[in-house]
Amino acid sequence: KTQTIEVRFVDAEHSAANYGVMSVPYGETYGNGVRPNATQTGLPVVAEVDGKTFDGWSTESDNALIVTNTTLADLNVATLYAHFTAKNYIIYLHENLGVDKVSTMPVTFGADYSIEALANVAGYDFAGWYEQNAEAPYATSGRYAVADDLHLYARWDAVKGIDVAF
């Protein structure tokens, strides 16, 4: 009698993602070339998720030991975890002071970020960074969750004059 092991495929970040279960005869190969753009023999193929690229399957949820041409007998595991690498993006900061001076800030998806405020200039107070045509300012710190480059524009409020009567 041949023993069969059920291999579960789950997200390494313990999210709700579950990529299925497959039955494999004990000791048989269950994967070849698990690297991206390679043939995925017997293992589920995982599409990119927002801001991340699929790296492959691992026997551990917290490391990047990618499974390739391995047998269940060698590993003696029943769960493989999907591993992803966060993508890098750029935030473009448009100062909007007559000449469009643009500075850039590299960010990694899911990483903390902080955007500096600009100093006030003669006659104008810096009102914040905004996406084009947005009513509310963009958060100047937090965890980057935009899966793309981002253009932010400085908004300036004119300083109102003070009338003094004698």
Side-chain angles (χ1 to χ4, degrees), residues 8-22 31 33-68 79-166:
R8 291 183 313 127
F9 298 93
V10 297
D11 191 311
E13 296 176 358
H14 308 290
S15 69
N18 184 346
Y19 301 107
V21 176
M22 73 184 241
V34 200
R35 299 262 177 215
N37 302 321
T39 303
Q40 304 251 341
T41 306
L43 297 173
V45 175
V46 178
E48 286 187 7
V49 295
D50 280 349
K52 298 179 182 180
T53 302
F54 178 64
D55 295 324
W57 295 101
S58 172
T59 59
E60 301 291 331
S61 64
D62 60 355
N63 72 20
L65 173 65
I66 304 299
V67 173
T68 59
T79 301
L80 292 180
Y81 301 90
H83 276 269
F84 297 88
T85 298
K87 292 181 180 181
N88 294 312
Y89 298 102
I90 296 174
I91 297 177
Y92 295 90
L93 301 169
H94 300 262
E95 291 187 11
N96 287 341
L97 288 170
V99 176
D100 192 22
K101 181 179 175 190
V102 179
S103 56
T104 59
M105 186 176 108
V107 291
T108 301
F109 184 84
D112 292 334
Y113 72 94
S114 179
I115 303 172
E116 297 291 322
L118 295 176
N120 294 335
V121 296
Y124 293 91
D125 289 336
F126 177 68
W129 293 105
Y130 289 75
E131 290 185 74
Q132 195 166 21
N133 301 321
E135 295 295 321
Y138 194 83
T140 56
S141 64
R143 194 164 299 273
Y144 193 75
V146 179
D148 205 348
D149 292 341
L150 177 66
H151 288 264
L152 296 178
Y153 301 85
R155 189 164 298 171
W156 301 94
D157 290 335
V159 176
K160 295 185 172 47
I162 300 173
D163 292 338
V164 178
F166 293 96

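- To the nearest 0.5 angstrom, Asn120 atom CG is 4.0 Å from Asp125 atom CG.
- Here CD1 of Ile91 is found 4.0 Å from CD1 of Ile115. Values are rounded to the nearest 0.5 Å.
- Residue pairs meeting the side-chain hydrogen bond (donor to acceptor under 3.5 Å, both in side chains) criterion with at least one member in residues 126-144, sequence neighbours excluded, are Asp112-Arg143.
- When the shell of 6.0 Å around OH of Tyr89 is examined, it contains more than 12 heavy atoms from other residues, nucleotides or ligands.
- Between the OG1 atom in Thr104 and the CG atom in Leu93 there is a gap of 8.0 Å [rounded to 0.5 Å].
- To the nearest 0.5 Å, the span separating CG on Leu152 from OH on Tyr92 amounts to 12.0 Å.
- Nearest heavy atoms, Thr108 versus Ala86: CG2-CB, 3.6 Å.
- For residues 147-156, the set of pairs meeting the side-chain hydrogen bond (donor to acceptor under 3.5 Å, both in side chains) definition, not counting sequence neighbours, comprises His94-His151.
- Interatomic distance, OH of Tyr124 versus CG of Leu118, reported as 15.0 Å (0.5 Å rounding).
- Contact record, Glu95 with Ala154: O-CB, 3.3 Å, taken as the closest heavy-atom pair.
- Ala147 approaches Gly51 most closely through the heavy-atom pair CB-N, 3.5 Å.
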